[in-house]
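Below is one structure, written out as structure tokens, with a few remarks after it.
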Amino acid sequence: MEQEIEARPLTGEEIARAAASLAEEMERATEGVEERLGTALDRNQREARAIGKELWERFIALRRELIRRGVHDPILGRFDSATVVQAGTAAIAEQVRRVAAETR
């Protein structure tokens with residue numbers, strides 16, 4: 001997906017499909033996160049570590065495409081923020097679906 005975004009802007013339908021797939025994979029990656037990573041970290045930190053680099057990069061690429069279209073969603077901005085409390089992966093996945101559905 002990263003290369004597609006660099007080559008050309010995605011259509012609304014492509015964004016919606018990519019977002020649905022990404023949201024589903026993010027939710028699946030965070031299932032059982034407490035058992036795998038323990039409880040020493042807060043829930044958002046555990047979830048962020050659970051999704052891994054590939055999903056994180058796909059999210060960033062999708063968010064970049066949304067921003068390119070003028071969609072600046074505050075929840076999506078809190079995914080990797082260093083200045084405000086980060087949003088949890090479940091909240092991000094839900095918001096990805098909602099925002100992408102609106103871009104069709």
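Each residue takes its place number in the sequence, starting with 1.
- Atom CH2 of Trp56 is separated from atom OG1 of Thr89 by 13.0 Å, given to the nearest 0.5 angstrom.
- Shortest non-hydrogen contact noted between Ala91 and Ile75 is O-CG2, 4.3 Å.
- Listed by chain and residue number, Arg28 satisfy the salt bridge (charged side-chain N to carboxylate O under 4.0 Å, His left out) test with Glu24 (two or more places apart in sequence, or in another chain).
- Side-chain N or O atoms of Arg68 include none that pairs as donor or acceptor with a backbone N or O of Leu10 at under 3.5 Å.
- Scanning for side chain to side chain donor-acceptor pair (under 3.5 Å) contacts around Arg98 gives Asp73, Gln95, Glu102, with sequence neighbours left out.
- For the pair Ala23 and Ala93, the tightest heavy-atom approach, listed with the atom from each and the gap, is CB-O, 3.4 Å.
- Of the inter-residue distances, the one linking Arg69 atom CZ with Leu66 atom CG reads 8.0 Å to the nearest 0.5 angstrom.
- Environment of CD in Glu94: sparse, with no more than 12 heavy atoms of neighbouring residues, nucleotides or ligands closer than 6.0 Å.
- Ile60 and Ile15 end up in the same hydrophobic cluster when Ile, Leu, Val, Met, Phe, Trp and Tyr side chains are linked at under 4.5 Å.
- Under the rule for a side chain to side chain donor-acceptor pair (under 3.5 Å), the partners of Thr11 that lie at least two apart in sequence or sit in another chain are Glu14.
- Across all non-hydrogen atoms, the minimal contact from Arg58 to Ser21 is NH2-OG, 3.3 Å.
- Nearest heavy atoms, Phe59 versus Leu22: CA-CD2, 3.5 Å.
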